[in-house]
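Structure first, commentary second.
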Number of protein chains: 2
Amino acid sequence: MIVSTQRDTALTRNQSLVLEALADAKGPLTAYAILDQLRDRGMRAPPQVYRALDKLVADGMVHRLESINAFVVCQLPDCGSRETMIFAICSDCSQVTEIRDGGVGDRFQAVAEQAAFSVHKSIVELRGRCAHCRAS
Amino acid sequence: MIVSTQRDTALTRNQSLVLEALADAKGPLTAYAILDQLRDRGMRAPPQVYRALDKLVADGMVHRLESINAFVVCQLPDCGSRETMIFAICSDCSQVTEIRDGGVGDRFQAVAEQAAFSVHKSIVELRGRCAHCRAS
DNA sequence: AGGGACATTATGTTATAACATAACTTGTGA
DNA sequence: TCACAAGTTATGTTATAACATAATGTCCCT
C-alpha cells in the first residue's frame with residue numbers, strides 16, 4: 001500500500017535548513033538539537049522547527065523515531081511516508097539503519113485482520129547494537 | 001490487595017496503586033493521568049508514578065506505548081517483557097489490543113541480521129481503527 | 001535475646017530538563 | 001485584500017535530576 005508522496009512544491013527556507021541539518025547529522029536529532037544548530041541561521045523558536053519537520057515528515061523526506069523523540073533524514077529512495085519501514089536504532093551510538101521490508105507489513109495486515117483492526121500506519125523500531133559498536 | 005507477579009517480589013503500595021489504576025482504566029493512561037487519579041490516595045508527584053511504572057514495566061505487567069507516551073496494563077498471560085508484542089492502537093477511541101506474534105519477531109531477527117544489527121527489544125505499534133469504531 | 005550501627009530500599013519533595021503546541025502577530029506575494 | 005508562510009510569546013505536557021526522609025533488613029556485640 002504505497003501512497004505516494006513527494007509533493008512538488010519547493011521547500012521553504014526553514015524546511016531546507018532543517019532538512020540540511022538532518023542530512024549533515026551522523027544520526028537522529030531532536031527538534032531542540034536542530035533548533036540549537038540553526039540559531040545562527042535565523043531559527044529562533046520551537047514552532048519553526050516543528051512546522052518544518054511536519055512538512056518534511058508528511059512528504060516522507062524525514063522520519064520521526066517515536067521511541068527516542070528524534071528525527072532522521074530518510075535513507076532510502078522513493079520512500080513514501082505510509083510504507084512500512086523498520087528502524088534499527090543502536091543503543092550505543094544511536095545511529096539508525098532504515099530497512100524496507102514488505103513482508104512485515106503484510107504480516108501486520110494479517111495479524112490485524114484477526115483482531116478486526118484496520119492499520120493505517122505502522123511503527124517499528126528495533127533497539128539493539130549495530131555491527132560497529134559490537135565490534136568495538 | 002497484593003497482586004502477584006510473574007517472578008518477583010510483592011508490589012509496594014505505590015506500585016499496587018498504579019497497577020490498579022491501569023487495570024481499572026478502559027485504555028492506556030499517561031503518567032500524569034495516573035497521578036491525577038491517585039492524588040487522593042497519596043500520590044503527590046511524578047517521580048512516584050514513574051518509579052512505580054519502571055518496576056511494572058520491567059516485570060512485564062505493564063507496557064509502555066512509545067508512540068503515545070502512555071501505559072497500558074498487560075492483557076496477555078505469561079507476558080515476559082522481552083517478547084515481541086504488537087500493540088494495535090485505535091486512533092479514535094485509543095483502546096489497545098495486544099497481540100503476540102512470534103513470526104514477527106523472527107522476521108525482525110532475520111532482517112536485522114542482514115544489516116548486521118543485533119536486536120534487544122522490538123517496538124511495534126500499529127495505528128488504525130478498531131472494529132467497534134469502524135462500525136460506528 | 002536485645003539493642004545499636006549500618007546498609008538497603010522505598011518514598012517523598014522540589015525543581016527543572018526536555019519535548020511539543022496554542023494562539024496570536026507580522027510579513028509577503030499573487 | 002486575501003491567503004499563507006513565518007515569526008513570536010506563552011504555555012502545556014512528559015520525564016528526570018537531585019536531594020531528603022522513612023522504613024526495613026542484617027549483622028555484630030554484649
Side-chain angles (χ1 to χ4, degrees), chain A residues 7-22 25 27-59 61-72 89 91 94 123 125 127, chain B residues 1-3 5 7-22 25 27-59 61-72 89 91 94 123 125 127:
Chain A
R7 306 266 188 310
D8 306 326
T9 65
L11 297 180
T12 66
R13 168 170 173 80
N14 282 353
Q15 289 158 9
S16 297
L17 286 171
V18 168
L19 181 58
E20 200 180 318
L22 284 170
L29 296 177
T30 67
Y32 279 72
I34 294 168
L35 175 57
D36 286 344
Q37 277 201 15
L38 296 178
R39 261 187 225 283
D40 57 2
R41 292 209 265 172
M43 201 71 76
R44 315 294 302 281
Q48 296 172 281
V49 175
Y50 281 105
R51 288 198 280 239
L53 286 169
D54 283 349
K55 161 79 163 133
L56 296 170
V57 168
D59 287 3
M61 305 171 72
V62 166
H63 301 292
R64 178 189 170 87
L65 301 172
E66 302 286 348
S67 66
I68 58 173
N69 297 321
F71 301 84
V72 69
I89 307 168
S91 299
S94 87
I123 294 156
E125 298 177 16
R127 311 302 307 269
Chain B
M1 71 134 105
I2 287 173
V3 182
T5 98
R7 51 171 69 196
D8 277 343
T9 62
L11 298 180
T12 65
R13 168 170 174 82
N14 283 352
Q15 288 158 9
S16 296
L17 286 171
V18 168
L19 181 59
E20 201 180 317
L22 285 170
L29 297 177
T30 67
Y32 281 73
I34 294 167
L35 175 58
D36 286 344
Q37 277 201 17
L38 296 178
R39 262 187 225 283
D40 56 2
R41 292 211 264 170
M43 201 70 78
R44 316 294 303 278
Q48 296 172 281
V49 176
Y50 281 105
R51 289 197 281 238
L53 286 169
D54 282 350
K55 161 81 162 132
L56 295 170
V57 168
D59 287 2
M61 306 171 71
V62 165
H63 301 292
R64 177 190 172 88
L65 302 171
E66 302 284 349
S67 66
I68 58 173
N69 297 319
F71 300 83
V72 69
I89 306 168
S91 299
S94 88
I123 295 157
E125 297 178 16
R127 310 303 306 270

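Every chain is numbered from 1, with letters handed out A, B, ... down the list of sequences. Values below: every heavy atom of this structure, side chains too, minus hydrogens, waters and symmetry copies.
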**Study point:** Length of the CG-C1' vector between A:Leu35 and C:dA17, whole Å
**Key:**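 Computing the A:Leu35:CG to C:dA17:C1' distance gives 15 Å.
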
**Study point:** Residue list, side chain to side chain contact (heavy atoms under 4.5 Å, CB included) with B:Gln37, at least two apart or on another chain
**Key:**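 By the side chain to side chain contact (heavy atoms under 4.5 Å, CB included) rule, B:Gln37 matches B:Ala21, B:Leu29.
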
Check your understanding: For A:Ser16, which residues count as a side chain to side chain contact (heavy atoms under 4.5 Å, CB included) partner, sequence neighbours excluded?
Key ->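 With neighbours one apart ignored, the set is A:Leu11.
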
Point to revise | Qualifying side-chain hydrogen bond (donor to acceptor under 3.5 Å, both in side chains) pairs, either residue in residues 41-52 of chain A, two or more places apart | key: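 Passing the test, one end in residues 41-52 of chain A: A:Glu20-A:Arg41.
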
Exercise for review: Please name all residues satisfying salt bridge (charged side-chain N to carboxylate O under 4.0 Å, His left out) with B:Arg127, sequence neighbours left out, ordered by chain then number.
Suggested key: none

Point to revise | Of all pairs that satisfy salt bridge (charged side-chain N to carboxylate O under 4.0 Å, His left out), the ones with a partner from residues 28-38 of chain A, not counting sequence neighbours | key: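 Every pair satisfying salt bridge (charged side-chain N to carboxylate O under 4.0 Å, His left out) with a residue in residues 28-38 of chain A: A:Asp36-A:Arg39.
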
Practice item. Scan nucleotides 3-16 of chain D nucleotide by nucleotide, 5' to 3', and note B when protein non-hydrogen atoms come under 4.0 Å of the base, S if they reach only the sugar-phosphate, - if neither. Key: --SSBBB----BBB

